[in-house]
Amino acid sequence: MRVRFAPAPTGFLHLGSARTALFNWLAARHAGGTFLLRVEDTDLERSRQELVDVIYEALEWLGLDWDEDPVRQSDRIDAHQEAVDRLLIEGLAYWSDPVPEADRERVGGRAYDPADRDRDLGPGPGRAVRFRVPEEGAVGWTDMIRGEISFELANLEDFVIRRADGSPTFFIANAVDDAAMGVTDVIRGEDLINVTPKQLLLRDAIGAGAEPLRLAHLPLIVNEQRKKLSKRRDDVSLLDYRERGFLPEAMVNYLALLGWGPPDGVEVRTDPLREFPPMFRVEDVNDSSAFFDQKKLRFVNGEHLRALGVAHFAERARPWFDREPWSDRYHAETFGRIAGEVQTRVETLSEVPGYVDFLFLPEPEEDPVAWAKVMVPEAGPWLDAVISGCEAWPWESAELYERTMALAEASGTSRKKFQAPVRVALTGRTVGPPLFESMEILGRDETLRRLRSARGRLGEPTPDGPG
RNA sequence: GCCCCCAUCGUCCAGCGGCCUAGGACGCCUCCCUUUCAAGGAGGUAACACGGGUUCGAAUCCCGUUGGGGGUGCCA
């Protein structure tokens, strides 16, 4: 069994393409088959190396390895031309002139004149080669996902296989290359269903139809409006997700859940690339479109993040610190002390620095809303109590916890309210990693400095007793 | 317009004629845990588009309607 992933180099790998690549890869690995790569760079614009490299980079990031040297369609033009010539000689294709917009009514609204079929024209300026579609009958196939699909030939126009500029089109290139590469199973997006009759016809015409091709058309991935993901309004570039802090294993895991699900119902897998192949069958793929749900993706990513060992998590988060303006202050050992606590609180790696920046910054980045909310007048005495406590307490998180909570009890307020001003004074925010671990890491001196600073800005200490 | 595909909770996946008073997951809500926020635990909310058949029996099969999507290029 040989499958192929055949993207056009557009400068980014589309999420839908990534899913197609994944399903082809899964099918191949399941069957012990061969996963091939063909770069469809027929257009010269698209054959720029850097555009092609993006595809390799994206596949490598996901961990989808291919088996033979990638085929560059641009290297195969001679074979495509030869096929077109042969079809011309055999009378299965013919030269055709374009019909100007104004005259289209005369030819049934088409862009070409069907009468050209019998004119026996030769090459000429502006003249393209069209495939002679039989007038009667139907082309169909049994789709591995959708079952019987069939098209009346009467509805199919004679399509171009060589443009006026001499270049072969996608239809012929595809048919010729699939045959040459020995492709046995084609797994691609549903948007290609309607070109399938053309490719089947050509496959037959070039004499490659002996072994019937097995076809599977995957449901489209859609946005909240149920439309095909568009480059313009949706986040469709796979590699952008890497930049946003998603793990490749989470992307693979989530993408596999779009149109398919593991038969045992366990959706999140620590190692989807190893666990899915044995259970993946194209026949089981769903046939209706799937919404790309960022929320669920985030959940899946969070699960993968939490499944990482703490050290590994810290390592993976490292690049995100490098992007911070204060990256030179980052200290791996310091982060390592709190990484485990951060790990359960983030869903993407990009959120990590924001959780612990106060440990590295000379001054915590203060959230004015948080300050206004917790620095109420009663907070003065609370801070005073914590400050004097901190001057003497043993500097260890469990101790700090016990003693601060004892002060909270004594204050008559809730623990929650009591800790809030302390947290804001130290971290600048109302939410963050556990407070006492943070204090321990910050150290006695820095903790006191920040508490005093906040206390100073809160206002004068209030004298004891009712005023 | 024409061609093709699709139709189960808001979303993703189960269900392939009786096991369905329709199951799981995300989300959302409630509670527990709790130094914040998470994580974790326990609950809850919520769906077979509609109409005809077929059948003893239909979410499951057939037909139609409606709705959605894709394609209609000398792009791929």
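Numbers restart at 1 for each chain; the letters A, B, ... are given by sequence-line order, proteins then strands. On a predicted model such as this, the values are computed, not experimentally measured, just so you know.
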May I ask you to say what [X] touches in the nucleic acid, namely base, sugar-phosphate or nothing, with a heavy-atom cut-off under 4.0 Å?
X	answer
A:V195	base
A:P98	base
A:L435	base
A:D143	nothing
A:R298	nothing

Requested in this report: On the 0 to 90° scale, with breaks at 30° and 60°, tag the A:F276-A:W260 ring pair as parallel, tilted or perpendicular.
Outcome: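 Correct class here is perpendicular.
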Query raised in the report: Using the ring of each side chain (for Trp, its six-membered ring), is A:Y401 parallel, tilted or perpendicular to A:F436, with breaks at 30° and 60°?
Result: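 Correct class here is perpendicular.
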[X] side chain N/O closer than 4.0 Å to the phosphate oxygens (OP1, OP2) of [N]?
X	N	value
A:T42	B:rA76	yes
A:R130	B:rG73	no
A:R423	B:rU35	no

Query raised in the report: Contacts to RNA chain B from residues 400-422 of chain A, heavy-atom cutoff under 4.0 Å, which residues?
Result: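 Hits under 4.0 Å, by residue number: A:Y401, A:M405, A:R415, A:K416, A:Q419.
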Requested in this report: Using a cut-off of strictly less than 4.0 Å between a heavy atom of the residue and any atom of RNA chain B, enumerate the qualifying residues of residues 156-168 of chain A by number.
Outcome: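 Heavy-atom contacts with RNA chain B come from A:V160, A:R163, A:A164.
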Tell me the interatomic distance from [X], atom [atom1], to [N], atom [atom2], rounded to whole angstroms.
X	N	atom1	atom2	answer
A:I172	B:rC75	CD1	P	15 Å
A:D367	B:rC37	CG	C1'	14 Å
A:K227	B:rG68	NZ	P	9 Å
A:L257	B:rU11	CG	P	16 Å

Requested in this report: Identify, between A:D97 and A:P219, the residue whose nearest nucleotide on RNA chain B lies closer to the 5' end.
Outcome: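 The answer here is A:P219.
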Among [options], which nucleotide sits nearest the side chain of [X]?
X	options	answer
A:S288	B:rC6, B:rG40, B:rC13	B:rC6
A:R345	B:rU36, B:rG69, B:rA76	B:rU36
A:N286	B:rC13, B:rA38, B:rA76	B:rC13
A:D191	B:rU35, B:rG70, B:rC5	B:rG70
A:E303	B:rG40, B:rU36, B:rC74	B:rG40
A:Y355	B:rC6, B:rC37, B:rC4	B:rC37

Requested in this report: Please name all residues satisfying salt bridge (charged side-chain N to carboxylate O under 4.0 Å, His left out) with A:E399, sequence neighbours left out, ordered by chain then number.
Outcome: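 If we apply the salt bridge (charged side-chain N to carboxylate O under 4.0 Å, His left out) test to A:E399, skipping adjacent residues, the hits are A:R403.
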Query raised in the report: For A:A27, what residues pass the side-chain contact (heavy atoms from CB on, under 4.5 Å) criterion, not counting sequence neighbours?
Result: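 Result, side-chain contact (heavy atoms from CB on, under 4.5 Å) vs A:A27: A:M1, A:I187, A:F280, A:V282.
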**Report entry** Whole-Å C1' distance, B:rC48 and B:rU35
**Finding:**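 47 Å, rounded to whole Å.
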Show the distances under 3.5 angstrom between N or O atoms of the protein and N or O atoms of nucleotides 24-28 of chain B.
residue: B:rG24; atom: N2; partner: A:E267; partner atom: OE2; Å: 3.0
residue: B:rA25; atom: O2'; partner: A:E267; partner atom: OE1; Å: 2.8
residue: B:rA25; atom: O2'; partner: A:K296; partner atom: NZ; Å: 3.4
residue: B:rA25; atom: N3; partner: A:K296; partner atom: NZ; Å: 3.4

Query raised in the report: Taking the six-membered ring of A:F418, is the NZ or CZ of A:R415 close enough (under 6.0 Å from the centre) and on axis enough (within 45°)?
Result: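 Checked: cation-pi criterion not met.
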Pick out the pairs of N or O atoms, protein on one side and nucleotides 1-3 of chain B on the other, that lie under 3.5 Å.
none

